[in-house]
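Written out below as structure tokens is the structure these notes cover.
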Amino acid sequence: EPTVIDSEKRDQLDADITLHHLRSRTDVQTHTSWGAPIMWDGMFQADLYDLKHETDKSSVALTVFAVGRYLDAYLGAFLNSAEQHFMVGLPVKYYIFTDLPEKVPSLQLGPQRSLEVIRVQGHSRWQDISMTRMKTIADTIESDIRHHSTHVFCMDVDQVFAWRFGSEALSDSVALLHAYYYNSPKEMFTYDRNPKSCAFMLTGDFYYHAAVFGGSCTSVKAIAEACYRGILQDKDSGVEALWHDESHLNKYFWLHRPSKVLSPEYCWDPVLGQRQEIHVTRIRWAPKQYQALRPN
Ligand code: 2GW
Ligand code: MN
């Protein structure tokens, strides 16, 4: 049974959560210039966030694409690890988009957790697999997700949960700092620099990683639709953004700044090694198998 608390306690809870954001890490940037928290380990008490979201009856959809060879290569480890670490204690519904529904591994789901497999087309160009995700996500939020879940996260499949990825990550719109650029000067950010592309931008706040983004159903639908519109318009113009959907996502979050930012602890590449400010690795990139999985 979800805990019931009155509105005064609820306000106190929000105040405690905010105070903790402010008082915690001093070795890293904990807030954006527009006041959004950048969630580093130590900036939150997990039980306060869990109480808040149990009280709000938050529920979370997790969308992931596993098309072609990516299914066998990554989906089993992704889902098993999500069962251990993703939003434990809240209702979770996985949406698996694949061209091989019969090959989705069966797994024992925890209580209040369910899984739906949705068939999508394979694409001959890998850039199209990743770019058409945006349309599929927007359509599925409209037809299904918004009736079951308050929040959505959209993730790459080539990664594994290794530590709590919990309710502290929930907010209206959520972007992730890319592990390779969180501490780089802005000139290094790999934004799309082609003025003919809708994703074109000269400067921005951060370089965000498209492997994890999320928010409320309304916000994520707006994000995905805007990115897809940009991708389509680029096709009409005969151009393609440098990092495909990720370039369009960066442009969107520049024009519509996220209400919460996740530190690279939420999606770390072990190849980068150990760093003082990385206290935990909540998701780890799986080793890249480009030769085997990206024949063209
Ligand atoms: C992707 C590249 C080459 C060959 C195949 C694929 C592929 C991707 C595939 O065969 N099947 C498939 O399901 N995918 C899905 O697209 C899968 O969910 C995968 O995690 C996602 C993105 O592809 P990925 O992970 O190989 O690309 P990354 O890790 O370099 O992704 C970053 O850049 C992408 C755009 O190029 C996306 O923005 C992605 O969100 C970023 O993390
Ligand atoms: Mn990936």
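All ligand and atom numbering here is 1-based and tracks the order in the structure. We use all heavy atoms of the structure for the numbers below, so side chains are in, but hydrogens, waters and symmetry mates are not.
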Considering both backbone and side-chain atoms of Ala210, is one of its nitrogen or oxygen atoms within less than 3.5 Å of a nitrogen or oxygen in ligand 1?
yes
For Asp205 and Phe253, the nearest pair of non-hydrogen atoms, with its separation, is OD2-O, 4.3 Å
Ala211 and ligand 1 - part of the residue with a heavy-atom distance under 4.0 Å:
both
For Val157, the atoms of ligand 1 under 4.0 Å from one of its heavy atoms are 17 (C), 18 (O), 20 (O)
Please could you name the atoms of ligand 1 that Val67 approaches to less than 4.0 Å, counting only its heavy atoms?
9 (C), 10 (O), 11 (N), 12 (C), 13 (O)
Around atom CD of Glu8, are there more than 12 heavy atoms from other residues, nucleotides or ligands closer than 6.0 Å?
no
In this structure, which one of Ile145, Leu170, Val152 forms a side-chain contact (heavy atoms from CB on, under 4.5 Å) with Val60?
Leu170
Do the ring planes of His178 and Tyr180 sit parallel (below 30°), tilted (30 to 60°) or perpendicular (above 60°)?
perpendicular
Heavy-atom neighbours of Glu277 CD exceed 12 at 6.0 Å:
yes
For Gln121, does the CD atom have more than 12 heavy-atom neighbours from other residues, nucleotides or ligands under 6.0 Å away?
no
Honestly, for Gln159 the part within reach of ligand 1 (heavy atoms, under 4.0 Å) is neither
Does ligand 1 have a heavy atom under 4.0 Å from the side chain of Glu246, from its backbone, from both, or from neither?
both
Using only heavy-atom distances, determine whether the side chains of Tyr182 and Glu265 contain a donor-acceptor pair under 3.5 Å.
no
Carefully, step by step, assess Asn250 and Tyr208 under the rule side-chain contact (heavy atoms from CB on, under 4.5 Å).
CA-CA 6 Å; Asn250 271 279; Tyr208 302 114; 3.5 Å; yes
From the options Asp156, Asp158, Asp269, select the one whose nearest heavy atom is closest to atom 41 (C) of ligand 1.
Asp156
Only heavy atoms of Trp243, strictly under 4.0 Å: list the atoms of ligand 1 that pass.
35 (C)
Atom OG1 in Thr63, atom CG in Asp144: separation rounded to 0.5 Å?
12.0 Å
Does a salt bridge link Asp41 with Arg25, judged by any charged N lying under 4.0 Å from a carboxylate O?
no
Would you check whether Arg69 reaches within less than 4.0 Å of ligand 1, judged by its heavy atoms?
no
Between the candidates Leu176, Leu242, Asp245, which shows the shortest non-hydrogen contact distance to atom 34 (C) of ligand 1?
Asp245
Are any of the N/O atoms on Gly68, whether in the backbone or the side chain, positioned under 3.5 angstrom from an N/O atom of ligand 1?
no
Against heavy atoms of Ala66, which atoms of ligand 1 measure under 4.0 Å?
13 (O)
Atom of Asp156 closest to the Mn ion (ligand 2), considering N, O or S atoms:
OD2
Looking only at N/O atoms, are Val64 and ligand 1 under 3.5 Å apart anywhere?
no
Do any nitrogen or oxygen atoms of Arg133 lie less than 3.5 angstrom from nitrogen or oxygen atoms of ligand 1?
yes
